[in-house]
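Structure first, then comments.
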Protein chains: 2
Amino acid sequence: METAAEDGTKARSGDSRVVTMREVAKKAGVSIKTVSNVVNDYEYVSDATREKVTKAIDELGYIVNVSARNLRRGQTGVIALIIPDLQLPYFAQLSSLVITEAKKLGLQVIVEPTLYSRDGEIAALHDGRHAMLDGAIFSPLELGQEDVAQLEVDYPLVLIGERIFTDKVDHIATENVEGAKRATGYLVQTGCRRVAVLGVHPGEKVGSAGLRFQGYKEALEENGIDFDERLVVPAGMWHRSDGVSAMNELLDSGVKPDGVVALNDMLASGAMHAIQMHGLSVPEDISVIGFDNSDDSQYLSPALTTIAPGLEAVARLSVKVLKNRIDGVAPFDSTDPVFRKVSSTLIVRDSTRRVIGR
Amino acid sequence: METAAEDGTKARSGDSRVVTMREVAKKAGVSIKTVSNVVNDYEYVSDATREKVTKAIDELGYIVNVSARNLRRGQTGVIALIIPDLQLPYFAQLSSLVITEAKKLGLQVIVEPTLYSRDGEIAALHDGRHAMLDGAIFSPLELGQEDVAQLEVDYPLVLIGERIFTDKVDHIATENVEGAKRATGYLVQTGCRRVAVLGVHPGEKVGSAGLRFQGYKEALEENGIDFDERLVVPAGMWHRSDGVSAMNELLDSGVKPDGVVALNDMLASGAMHAIQMHGLSVPEDISVIGFDNSDDSQYLSPALTTIAPGLEAVARLSVKVLKNRIDGVAPFDSTDPVFRKVSSTLIVRDSTRRVIGR
DNA sequence: TTGTATGCGTTATCAT
DNA sequence: ATGATAACGCATACAA
C-alpha cells in the first residue's frame, strides 16, 4: 500500500515499490515456485533452501499479495458476522471475540448489523456481496421457523445463539435453559424461597426469554418449590428502565420476593435500582441474579451475580467450524451439520446472599 | 462463493459455476471491455449497449470478482478501524457508524482493537497486514506527543478523537472543551450555583479528561461563578462504580453541591445512584449531567441529560476523507492535512431541573 | 463508442 | 526437492 496520490490521479500507478515473489526468487537464486512453497509452508523443501528464501524475504520486506492469492484460490479470507446490533453490549463483546479468533486463523471479519429487521437479515444472507466472502456466522433474531428455507445458502454458514429451528445448518448454541436453571437453583441454595422472575415474554417458546423462563420453572420444580404466577413479571424490552418498571410493579403489588432472577443484566441493574429506591437492600432483603455477564455487571452496586454464557467458546467454535467448512478439512468435513451447546458458568458476586452453612 | 467441498479436498475447484465478464460479453454480443465499462459506470457507453449488457448481467447473475479487480487495481476496498476496545459502548457505537458509512462508499471495515496497549497501537499502524488494506482510521489512546513519528505511515491515515498532537495527519476531532462548557453552562442556567465535576485526571491536559475539565472551568468563569477546589473529584477510571465512589466521597465530605457534571455517562450513572442512596433526589436536590450520550443513558432513572459528541459526523467525515485520500480526488486531494472539529449537542432529559423562567 | 491484447502476483500442473 | 508455465478474472493502453 502506498500514500495517496497528491496530484489528483490514481494512487500507486507508477512507483513499483511492491516486492513480488519473482524478485525474492531472483535474490534467493531459486524459482518462484520454491518461494511459494516456503511462503505456504509446503512440507518438502530442504532446510537450506528454506533458509535462503526466508532470508531473501526478510531483506526485501516481501509480503504476499493477498488479492493475487485470493484470485488464484477463489477465496478472499474474509467472513461475515451477521448480528442484530453492534451497539448491544452482548454483540459488541461477541464481535470482539470473533474478530480475535478469526485473526488467529488468518481470517478477517466484516461485521454486518441487521438492526432488528427481518428484511435486513434476509438481505445479509442473500446479498450478492457474499460472492466475495468465504462464509458467514449468523446470529438470527427476527428470522423464525417459517424462514428455514432462507438458511439454505450456497456458502458455508454457521448459526450461533439461542434459537433452534433447524438441524440442517451448523449451529453453536448457548445454554439458556440450563443457565437460568443454574441461576434460579443458586438463589434457592442461598435460602431464597420466593424467587421472582423478570423479563418474561408470555407465550414465547424458542427465544431466549422462553428458554430462560423454562429453566426458571424447572429449577423450582426440582427444588420442590411451588410455582407462583404472581412472581412472574413480563417485560417486552430488556433495557435497564424495563427492569425498573417491572420491579416497581412487583413490589407495589404487595408480593414480597426474597430473590429475583432477571433474564438479563440490564433488567437486573434496573431491578436493583428499584429495590433500593423502595428502601430495601440488595442482597440483605432481596437477592438479585442476572444473565449474560455483561462487561459492566461487575461495576454495578452491588456487583452483580450473573450467568456467563461462554461467549469465548461460542466465538472460538463457530470460527473453527466455519474455517473447516471453508477448507473442507477435518474434523468438520462430514456432511452432517455440527451441533454444539456451550456451557454457561455462574459468576458469584455481591448481589446474592452467601450459600447457607458456609 | 460456493459450498464447502464435502470430500475433504479444496472447494470450488472444478465446478465452474462462476459467471465471468467474458460470458456476459458473449451473451450480450459485445466485447469484455464494454461489459467492464458498464460495470464501472464508464460515461461513454451508448444507452442501447448499456441496456443489452445490463440485461445479460441480470440473466446470468453475474457479479464482479473483487479479488481480480483488486489485483488489477492494486487495491482491496478494505480499510482498518483501529480503536482501543470494541466492547466500550463509545467505540462500539463509533464502529457501528463507521461500518455503515464505509458501506455507502463501497468500503469494508476491519475493526482492530488495540486493548489499551501502546505496543498494540504501534503494531496496528505498522503491521505488514496493511499491505492489503487501502487505509486506516485511528483513534489513539496510549500514543502520545513523543510518538508523533509513528503516525508517518505510507498509507492514507485519518485520526479521530480528542488528542491533538500533530498537524501532519488528517484529523477529525470531537468537541471536548466546548461540550463540557455547554454542559456546565446549562446547569448554571437551570439555577445551579455549586456545580461539582466528577472524573478529573489531575495534571492531565490533552486527554478527554483534561479538555473536559477545562471546559468546566471556562463555563464557571464566563458565568461569574467562583471555582471551588472542593467540588472537584478525581477518578482514574470512568466506570459506573467510580462514579459511585466519587459521589459518595463528595457527599460524605460535607460539601453540598446542587449540580454535578460527570465527565462521562457511566460516571453520571454511578453518581445518580450514590445520590439516591443518600436519600436525595435527582434532579430536585442535585442535577446531574453526563457526557457521550451513550446508548443506555436514556434508560437510566431518571433519564440522563447529556452531551452528544456527534459521532455520526465523525464517522461520516473520517470515512469520506479517507476515501478521497485513497482515490486521490477532490475535495480532499490537497497536500494539506484536513482538520475538522465536530460540534457537540446538548440532549436534555430528566436528570436536570428545568431552565428557570420557562 | 467499442474491441484486442497484455499483465497484475499468485498458485497448481506437470515435468524433471 | 525444485523449475517452467499456464491460468485465475479483471482493467486499461492502444487501436479501430
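We use all heavy atoms of the structure for the numbers below, so side chains are in, but hydrogens, waters and symmetry mates are not. Letters A, B, ... are given to chains in the order of the sequence lines, protein chains preceding strands, and every chain is numbered from 1.
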Could you give the [atom1]-to-[atom2] distance, from [X] to [N], as a whole number of Å?
| X | N | atom1 | atom2 | answer |
| --- | --- | --- | --- | --- |
| B:I32 | D:dC8 | CD1 | C1' | 12 Å |
| A:N37 | C:dT11 | CG | P | 9 Å |
| A:Q75 | C:dA12 | CD | P | 10 Å |
| B:N70 | D:dC8 | CG | C1' | 14 Å |

Legend entry - Matching residue for A:Y155 among A:D134, A:L125, A:L322, A:I326 - test: side chain to side chain contact (heavy atoms under 4.5 Å, CB included): A:L125

Legend entry - DNA chain C: 5'-proximal contact among B:A68 and B:Y42 (nearest heavy atom):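 Counting from the 5' end, the first nearest nucleotide belongs to B:Y42.
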
Inset, instruction - Please figure out whether B:L71 or B:V35 has its closest DNA chain C nucleotide nearer the 5' end. - result: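 Its nearest nucleotide lies further toward 5', so the answer is B:V35.
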
Legend entry - Side-chain donor/acceptor contact of A:R72 with base of C:dT10 under 3.5 Å: no

Inset, instruction - Looking at every strand, decide which applies to A:N40 at a 4.0 Å heavy-atom threshold: base, sugar-phosphate, or nothing. - result: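 Sugar-phosphate only.
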
Inset, instruction - May I ask you to say what A:V39 touches in the nucleic acid, namely base, sugar-phosphate or nothing, with a heavy-atom cut-off under 4.0 Å? - result: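 If one applies the 4.0 Å heavy-atom cut-off, A:V39 turns out to touch nothing in the nucleic acid.
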
Legend entry - Side chain of B:K33 - closest among C:dG3, C:dT10, D:dC10: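 The answer is C:dG3, which lies nearest to the side chain.
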
Inset, instruction - Ignoring the backbone of B:N65, work out which of C:dT2, D:dG9, C:dT10 is nearest its side chain. - result: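 Of all the options, the side chain of B:N65 is nearest to D:dG9.
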
Inset, instruction - Report yes if at least one side-chain N or O of A:T34 is closer than 4.0 Å to OP1 or OP2 of D:dG3; otherwise report no. - result: yes

Legend entry - B:S36 side-chain N/O to D:dT12 phosphate OP1/OP2 under 4.0 Å: no

Inset, instruction - Return the set of residues passing salt bridge (charged side-chain N to carboxylate O under 4.0 Å, His left out) with A:E112 (not counting sequence neighbours), or none when no residue passes. - result: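 Expected list: A:R129, B:K103.
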
Legend entry - Residue-level proximity of residues 43-53 of chain B to DNA chain C when a heavy atom falls under 4.0 Å: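 Heavy-atom contacts with DNA chain C come from B:Y44, B:V45, B:S46, B:T49.
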
Inset, instruction - Return yes if some donor-acceptor pair links the side-chain N/O of B:S95 with the main-chain N/O of B:F91 below 3.5 Å, else return no. - result: yes

